[in-house]
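Residues: numbered from 1 along the sequence shown. Because the structure is predicted, anything quoted here is derived from the model rather than measured.
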Amino acid sequence: MLTVIPMDKFTVDRNSKEWIPSGTELDDLLKPLKVIRDPIHGDIRLTELESAVIDTREFQRLRTIQQLGPSSLVYNGATHTRFDHSIGAVDVTQYMINKININSKQYPDHFLPVDNYIVLLARLYALIHDVAHIAFGHTLEDEGKLFDSQWDDNKRIDVFLGENSEIGKRIIQYAGYKTLQHLKEILLAHSDDEIQRLEYPIVCDIVGNTICADLLDYLTRDMYYSGLKGTYDKRFLDYLTGQKYNNKLRLVISLFKPMKDEYRRDVVSEIMHLLRLRYSLAERIYYHHTKIAASAMLISAVNIAKIKNEQWLMDDLFNFGDQELLHKLETDQSSPDEVKFIIKQYRRRSLYKPIFIASYGQVKEGDSFSLKKKEITDELAKDPKKRYDLERKLENGILPPGSVLIYCPPKGMGRKIAEAKVQWRGNIIPLKDVDHYGIGEETRKIMKQHEELWRLYVFVTSDCYNWPQITKVVMDFNKATGLNQELARFDIAKNASPPAHEEVIYRHILEYKKKNKQDVPPEIIQSVLASANAPVPGQEMPKILNYNEFEEIVKDLIKKK
């Protein structure tokens with residue numbers, strides 16, 4: 001067992017801004033001390049330093065934060081935690097490092113090894129990469145933009161990784177102040193330019209790039225606990241290498257055999273399969289329509305609480321797990337009434353229903369409509385206060401506060417799927433830039449599919465889910481945002497999008513209002529829909545009315561009324 005030498009007996013100052021462990025000190029720091037049994041990876045070996053970090057209160061809090069947040073309302077088994085994932089990521093990190101070093105020994109003239117200090121940094125980075133997440137972190141930070149992402153928040157950096165934090169103290173005690181500073185720099189680097197400027201950019205590549213330990217663990221773990229079938233062949237990891245890129249050591253996937261002009265088609269096929277698997281997981285879990293409704297409820301509840309009483313909300317935010325946050329929102333006397341209502345509905349799984357769904361789509365040059373759509377979705381995605389104000393406006397003082405919710409995730413969320421660096425015919429380039437054998441085309445196709453998952457939703461409570469309420473809220477939403485009828489989507493039944501003939505009727509409703517300077521009465525809308533949904537003999541689909549037919553029916557029904 002590794003013994004930490006008391007500071008006054010040690011020959012070097014571990015608080016020094018220059019000292020980092022090396023030689024036998026570093027060898028000792030990497031000796032395994034403890035074994036944890038994991039359902040995904042089996043036995044995971046941890047060092048004494050890693051065990052000391054895990055035993056802190058800050059890290060143990062991750063046991064109370066579910067990895068998939070509200071997705072457990074869809075997949076009952078998806079209750080695994082960020083604690084499980086963080087330890088799993090350490091195991092995958094070591095597996096990847098082993099593959100890099102095997103290739104450096106086999107082909108020393110082509111590839112470079114990962115030294116022990118990089119191993120120390122990479123394992124620690126994998127272990128703590130999620131430690132600053134708040135409860136329902138991805139939902140509230142990334143989807144709702146209610147808070148800065150974990151490592152973009154200076155206060156959280158200090159709370160979870162400052163010199164006086166439990167984790168910070170452990171790292172300084174074992175591996176020195178300089179190691180802690182290196183970890184902070186790594187955690188703060190997001191863009192490839194920022195990563196390239198690091199002293200050890202390969203650490204980011206191994207743990208947090210496109211094809212990385214973070215992804216490889218959560219893909220397998222999320223599928224396993226969600227009860228979904230799907231896997232990838234780890235053999236492509238045999239081709240991970242360390243190579244110099246702009247004079248810095250980076251992780252590179254070799255698509256050609258060293259000293260041979262032989263394309264590794266099997267490697268590319270497995271990488272493509274991995275990216276498609278990631279998309280499938282996003283479609284089936286992260287963007288599942290029921291999970292989206294639950295996310296919208298959490299985002300709006302916390303947004304209301306934050307706007308009405310931010311200090312009350314923030315007092316314990318960094319200490320709470322998922323259930324503690326829900327309990328405070330639901331029961332605390334300082335919690336706004338509409339927040340309590342939303343959370344009670346969430347607890348009962350009485351989820352809000354979508355009445356408007358619009359895809360973000362591509363901005364087309366010269367197309368004022370698509371530019372308007374982008375402007376609106378960007379504003380709503382980035383500005384929680386604007387969403388809050390619009391939600392209250394749509395309630396119009398008639399619906400109870402908290403009855404209308406707007407869900408509008410930022411378009412870039414989860415987009416980085418093909419940025420991994422690959423060696424292609426002697427050059428090192430991002431995977432998405434390989435325009436041979438259909439690689440670039442396939443990666444761009446997958447990226448476009450991801451974009452199509454992002455949608456703007458307007459939800460209402462099930463109590464308000466009736467045609468008069470739906471019609472008014474959607475029409476008011478169109479009026480407030482300037483979006484026209486081409487964006488309107490009703491969820492008449494339980495489907496994410498309605499039959500085509502119902503969409504046409506809604507467009508006719510708006511056209512009727514514009515032409516006749518009056519709304520179609522809600523009860524008339526119901527009658528027209530009932531008529532339109534009646535089966536037509538000899539046809540598989542109901543008849544789609546043109547505008548003149550629609551107007552004639554409406555006027556006739558109004559006369560009869």
Side-chain angles (χ1 to χ4, degrees), residues 61 64-66 68-74 133-148 153 156 290-356 380-409 456-465 469 473 476-477:
R61 185 184 66 98
T64 67
I65 299 177
Q66 290 184 7
L68 292 179
S71 294
S72 59
L73 295 182
V74 182
H133 264 306
I134 59 173
F136 297 106
H138 279 311
T139 300
L140 302 180
E141 296 168 7
D142 301 328
E143 296 175 56
K145 286 297 178 185
L146 302 184
F147 307 95
D148 291 332
D153 183 341
R156 266 191 273 178
T290 302
K291 182 266 178 187
I292 293 298
S295 291
M297 294 171 72
L298 290 172
I299 291 166
S300 286
V302 174
N303 192 26
I304 294 169
K306 189 168 183 278
I307 288 170
K308 291 198 168 186
N309 195 344
E310 181 170 10
Q311 189 55 52
W312 164 80
L313 178 67
M314 296 299 292
D315 282 344
D316 297 304
L317 192 64
F318 297 158
N319 298 318
F320 279 170
D322 294 345
Q323 295 303 315
E324 291 166 306
L325 177 59
L326 290 176
H327 181 75
K328 179 169 185 171
L329 293 170
E330 183 182 16
T331 64
D332 195 286
Q333 63 179 9
S334 298
S335 183
D337 289 341
E338 56 266 51
V339 171
K340 292 180 179 178
F341 172 76
I342 294 171
I343 298 302
K344 283 179 181 177
Q345 298 294 93
Y346 180 91
R347 293 276 207 185
R348 293 166 50 198
R349 203 181 180 277
S350 179
L351 303 180
Y352 284 43
K353 296 180 178 293
I355 61 170
F356 182 101
L380 291 175
K382 296 174 183 176
D383 191 343
K385 180 63 165 58
K386 187 178 289 290
R387 294 199 303 269
Y388 170 86
D389 290 339
L390 184 52
E391 288 168 350
R392 305 295 79 78
K393 183 176 181 179
L394 295 177
E395 290 163 356
N396 198 27
I398 299 172
L399 299 179
S403 297
V404 177
L405 313 179
I406 296 172
Y407 176 84
C408 190
L456 165 66
Y457 289 77
V458 179
F459 290 92
V460 297
T461 63
S462 54
D463 292 342
C464 301
Y465 193 66
Q469 303 289 13
V473 172
D476 286 349
F477 180 78

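- Listed for the Glu310 side chain is no donor-acceptor partner under 3.5 Å among the backbone atoms of Ile307.
- Judged purely by atom type and a 3.5 angstrom limit, Ser350 has no side-chain atom pairing as donor or acceptor with the backbone of Gln345.
- Distance CG/Leu146 to OH/Tyr388: 13.5 Å, rounded to 0.5 Å.
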(request) With side-chain contact (heavy atoms from CB on, under 4.5 Å) as the test, would you mind laying out the steps for Ile355 and Phe459 before giving the verdict? (result) CA-CA 6 Å; Ile355 61 170; Phe459 290 92; over 6 Å; no
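- For Lys340, the NZ atom is densely surrounded, since the number of other residues' heavy atoms within 6.0 Å is greater than 12.
- Among all heavy-atom pairs drawn from Val339 and Ala301, the shortest one is CG2-O, 3.3 Å.
- Within the 4.5 Å cutoff, side-chain heavy atoms of Leu298 are placed close to those of Pro70.
- Contact check on Lys386 versus Glu391 returns no salt bridge, with no Lys/Arg side-chain nitrogen under 4.0 Å from an Asp/Glu carboxylate oxygen.
- A side-chain contact (heavy atoms from CB on, under 4.5 Å) with Ser295 holds for exactly one of Leu405, Leu140, Thr139; it is Thr139.
- Separating the OG1 atom in Thr461 from the CG atom in Leu399 is a distance of 7.5 Å, to the nearest 0.5 Å.
- Under the 4.0 Å criterion applied to side-chain N and carboxylate O atoms, Glu338 and Arg392 are not assigned as salt-bridge partners.
- Minimum heavy-atom separation, Pro384 to Lys145: CG-O, 3.3 Å.
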(message) Before you tell me yes or no, could you show the steps for Val302 and Phe136 under side-chain contact (heavy atoms from CB on, under 4.5 Å), namely the whole-Å CA-CA distance, both residues' side-chain angles and the distance that decides it to 0.1 Å?
(response) CA-CA 11 Å; Val302 174; Phe136 297 106; over 6 Å; no
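- Side-chain contact between Tyr407 and Ile292 is present, with at least one heavy-atom pair separated by less than 4.5 Å.
- A donor-acceptor pair under 3.5 Å is absent between the side-chain atoms of Lys328 and the main chain of Ser335, judged by distance alone.
- Between the side chain of Asp322 and the main chain of Ala135, no donor-acceptor pair closer than 3.5 Å is present.
- At a threshold of 4.0 Å, the pair Asp389-Lys385 counts as salt-bridged, since one of the basic side-chain nitrogens sits closer than that to a carboxylate oxygen.
- We find that Glu330 and Arg347 are joined by a salt bridge, their nearest charged nitrogen and carboxylate oxygen being less than 4.0 Å apart.
- A donor-acceptor pair under 3.5 Å is formed between the side chain of Thr331 and the backbone N or O of His327.
- Taking all atoms of both residues into account, the shortest heavy-atom contact from Ala381 to Arg387 is O-NH1, 3.3 Å.
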(message) Ile299 vs Ile406, test: side-chain contact (heavy atoms from CB on, under 4.5 Å). Steps then yes/no.
(response) CA-CA 9 Å; Ile299 291 166; Ile406 296 172; over 6 Å; no
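- Between the Ser300 side chain and the Met297 main chain, no donor and acceptor come within less than 3.5 Å of each other.
- Side-chain N or O atoms of Asn396 include none that pairs as donor or acceptor with a backbone N or O of Ile398 at under 3.5 Å.
- Checked against Leu325 for a side-chain contact (heavy atoms from CB on, under 4.5 Å), the options Thr64, Asn319, Ile65, Leu313 give a single hit: Leu313.
- Phe147 is not listed as a side-chain neighbour of Asp142, based on a closest heavy-atom distance of 4.5 Å or more.
- A donor-acceptor pair under 3.5 Å is formed between the side chain of Arg61 and the backbone N or O of Phe320.
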